[in-house]
Amino acid sequence: MRFTTRDLAVVGLMGSMTCVATLFFKVPGPFGYYHLGDGIIYLAAWLFGPVTGALVGAIGSSGADLIGGFAVWAPWTLVIKGLTGYLVGRLARKAGNTLGLAGAMAVGALVTIGGYGLVTSVLYSPEAVVIELYGNLVQTGAGIVIALLGATALRSRVKSR
């Protein structure tokens, strides 16, 4: 696959939006904070496809980890969010309606939840996974809602897939 200047600009813009949404649009919760970056990843994957979704997820989210002081998570985030963006983009291309799009995002959310659960058990302990699962369930659920609202708003402007 060959990337055009437009493709690079889209990845840079959407990756930056993901990073900013992760770092600055966050809500404190009982077990950490929840951010809005996942919604941007899902939206980018739907709008621009699996490769762009993967790059936006990997670069934007791991960049937020590095900037935000969570460098130990950055390599894991690179893989987990990259895979999430790829899968959402791949499955969203086949989705003919909002329900299919929500299903694609749910698969991406499961990858995020499972991936971070696995990493948490390795870095901390299996007991810590329960808290991680709760936080990621809330965060990815909010991301799905945000992306579906964005997709609904943009659907009339985006050519049929």
Side-chain angles (χ1 to χ4, degrees), residues 1-3 7-27 29 31-95 101-148 150-151:
M1 176 178 182
R2 185 175 168 171
F3 260 45
D7 296 329
L8 292 174
V10 166
V11 168
L13 178 65
M14 297 299 286
S16 297
M17 289 172 59
T18 300
C19 186
V20 167
T22 301
L23 288 170
F24 299 111
F25 294 104
K26 53 188 172 186
V27 178
F31 304 112
Y33 72 89
Y34 313 109
H35 61 75
L36 304 181
D38 289 349
I40 306 295
I41 296 168
Y42 300 152
L43 202 53
W46 171 67
L47 286 170
F48 303 107
V51 174
T52 298
L55 290 170
V56 166
I59 294 167
S61 297
S62 63
D65 281 349
L66 290 171
I67 294 168
F70 301 99
V72 69
W73 287 95
W76 304 104
T77 296
L78 186 88
V79 173
I80 293 167
K81 297 293 182 149
L83 182 58
T84 295
Y86 181 83
L87 287 174
V88 171
R90 182 93 173 168
L91 295 172
R93 290 285 167 141
K94 297 178 182 182
L101 179 58
M105 293 177 195
V107 169
L110 289 174
V111 168
T112 296
I113 292 166
Y116 282 113
L118 179 65
V119 174
T120 297
S121 71
V122 170
L123 291 180
Y124 298 105
S125 73
E127 293 80 18
V129 173
V130 174
I131 294 171
E132 185 71 26
L133 291 176
Y134 168 77
N136 280 314
L137 183 63
V138 171
Q139 184 172 290
T140 57
I144 290 170
V145 170
I146 288 164
L148 287 174

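Not measured: the values here are computed from a predicted model. Numbers for residues simply follow the sequence, beginning at 1.
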For G115 and I80, the nearest pair of non-hydrogen atoms, with its separation, is C-CD1, 3.4 Å
Minimal heavy-atom distance between I67 and C19, with the atoms involved, is CD1-SG, 3.9 Å
Before giving the answer on side-chain contact (heavy atoms from CB on, under 4.5 Å), spell out for T77 and F70 the whole-Å C-alpha distance, their side-chain angles and the decisive distance to 0.1 Å. CA-CA 10 Å; T77 296; F70 301 99; over 6 Å; no
One should read off an interatomic distance between L137 CG and I113 CD1, to the nearest 0.5 angstrom, of 5.0 Å
side-chain contact (heavy atoms from CB on, under 4.5 Å), that's the test. Do I144 and Y42 meet it? Break it down for me. CA-CA 7 Å; I144 290 170; Y42 300 152; 3.7 Å; yes
Next on the checklist: Do V56 and F48 have side chains that approach each other closer than 4.5 Å (heavy atoms only, starting at C-beta)?
Outcome noted: no
Value for CD (E127) from OG1 (T120), rounded to nearest 0.5 Å, stands at 12.0 Å
Rounded to the nearest 0.5 Å, the OG1 atom of T52 sits from the CE atom of M14 at a distance of 9.5 Å
### Query
Do T84 and T112 pass the side-chain hydrogen bond (donor to acceptor under 3.5 Å, both in side chains) test, and can you show the C-alpha distance, the side-chain angles, and the key distance before you say yes or no?
CA-CA 6 Å; T84 295; T112 296; 2.9 Å; yes
Practice item. Could you walk me through whether K81 and Y116 pass the side-chain contact (heavy atoms from CB on, under 4.5 Å) test, one step at a time? Key: CA-CA 10 Å; K81 297 293 182 149; Y116 282 113; 3.6 Å; yes
Note: S61 and I41 closest approach over all heavy atoms is OG-CD1, 3.3 Å
Residues A104 and A92: closest non-hydrogen pair is CB-N, 3.7 Å
Between the CH2 atom in W76 and the CG atom in L123, the distance rounded to the nearest 0.5 Å is 6.5 Å
Between the OG1 atom in T18 and the CZ atom in F25, the distance rounded to the nearest 0.5 Å is 12.0 Å
Rounded to the nearest 0.5 Å, the CG atom of L66 sits from the CG atom of L78 at a distance of 9.0 Å
In terms of heavy-atom contacts, L23 and G68 come closest through CD2-CA, 3.7 Å
Salt bridge or not between R2 and D7? Use side-chain N to carboxylate O under 4.0 Å. no
Heavy-atom nearest pair, A21 first then I40, reads CB-CG1, 4.0 Å
